[in-house]
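Remarks on the structure that follows.
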Amino acid sequence: MGKDVIVACDFSSAEQVFTFLDKFKERKPFVKIGMELYYAEGPEIVRQIKARGHKIFLDLKLHDIPNTVKKAMAVLSGLDVDMCNVHAAGTSAMMKAALEGLTRPDGSRPLLIAVTQLTSTDQESMEKELLIEKPLDQVVMSYARTAMEAGLDGVVCSPLEAGKVHETCGKSFVTVTPGVRFADGDAGDQKRVTTPEKAKELGSDYIVVGRPITAASDPVEAYNRCVKEFIG
Ligand code: C5P
């Protein structure tokens with residue numbers, strides 16, 4: 001599995017994202033496009049960033065009935081992204097339908113990963129509102145196993161969970177991990193953070209890094225630092 005740093009381009013306009021990406025003259029970062037940018041600019045932004053030579057993780061977290069997700073995934077597959085995702089809570093029928101929709105006539109497809117429990121959900125809200133009474137880490141591992149059995153390629157999780165996900169689902173099951181901060185940086189609203197170096201040690205396959213790069217005074221330097229710490 002190729003380890004890489006994915007830059008979360010959480011901007012609300014094409015202009016902002018291109019001003020940011022124009023700074024990268026050498027290595028073209030793997031870019032995450034989330035709901036904010038996609039809803040602001042539509043599929044054209046995906047085509048434009050792809051045309052500039054970036055790999056793309058389209059982070060739209062689909063969650064609907066299997067037929068709807070299958071058809072939506074067929075559209076996203078036509079955008080030629082490299083990675084996209086669904087909520088594991090949609091259950092294996094939805095995840096299998098997503099895979100079918102995503103697979104192109106020639107058999108190729110982007111990587112498909114699952115969101116387990118959002119990191120904004122804690123034990124208390126899971127128990128009180130979702131009526132799930134098992135410990136959160138067991139729930140995350142169970143969702144990961146279901147995603148693997150449905151044929152998905154990996155999960156989004158905390159770097160702190162990456163080792164256990166690999167133990168449960170195998171080494172080649174991909175872990176994509178946000179919540180990354182430099183040792184001398186500001187954690188912001190992320191609660192459980194690790195450095196790129198620590199994420200590497202813990203076995204993450206891809207780290208997703210947003211503000212430590214996008215809000216840095218020198219984003220290219222911050223990106224290069226992440227790459228150096230995480231990939232070496
Ligand atoms: O700026 P920051 O590095 O916190 O950005 C992290 C990115 O990863 C954001 O785009 C955020 O939406 C995403 N993410 C996350 N935690 C999850 C899933 C996605 O921080 N559990």
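Counting begins at 1 with the first residue of the sequence. For the numbers below, each heavy atom of this structure counts, side chains included, while hydrogens, waters and symmetry mates do not. Read the numbers this way: they start at 1 and go in the same order the structure lists the ligands and their atoms.
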For ligand 1, what are the residues with a heavy-atom contact below 4.0 Å?
->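 Correct list: Ala8, Asp10, Lys32, Thr119, Pro178, Arg181, Gln190, Val208, Val209, Gly210, Arg211, Pro212.
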Count the heavy atoms belonging to other residues, nucleotides or ligands that lie under 6.0 Å from NZ of Lys50, then report whether that count exceeds 12.
->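 Counting neighbours around NZ of Lys50, more than 12 heavy atoms of other residues, nucleotides or ligands fall under 6.0 Å, so yes.
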Which of these passes side chain to side chain contact (heavy atoms under 4.5 Å, CB included) with Pro159: Thr195, Leu202, Ile207?
->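 The single option meeting the side chain to side chain contact (heavy atoms under 4.5 Å, CB included) with Pro159 is Leu202.
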Which of parallel (below 30°), tilted (30 to 60°) and perpendicular (above 60°) describes His87 and His63?
->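 Taking His63 first and then His87, their aromatic rings sit tilted (interplane angle of 30° to 60°).
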Give every donor-acceptor pair under 3.5 Å between a side-chain atom in residues 28-42 and any protein atom, sequence neighbours left out.
unit_1, atom_1, unit_2, atom_2, d
Lys28, NZ, Arg52, O, 3.4
Lys32, NZ, Asp59, OD2, 2.6
Glu41, OE2, Ala14, N, 2.8

By side-chain contact (heavy atoms from CB on, under 4.5 Å), which residues pair with Thr103, not counting sequence neighbours?
->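 Once residues adjacent in sequence are excluded, the partners of Thr103 under the side-chain contact (heavy atoms from CB on, under 4.5 Å) criterion are Arg109.
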Sequence neighbours excluded, which residues qualify as salt bridge (Lys or Arg N to Asp or Glu O under 4.0 Å) partners of Glu124?
->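 Per chain and number, Glu124 pairs via salt bridge (Lys or Arg N to Asp or Glu O under 4.0 Å) with Lys128.
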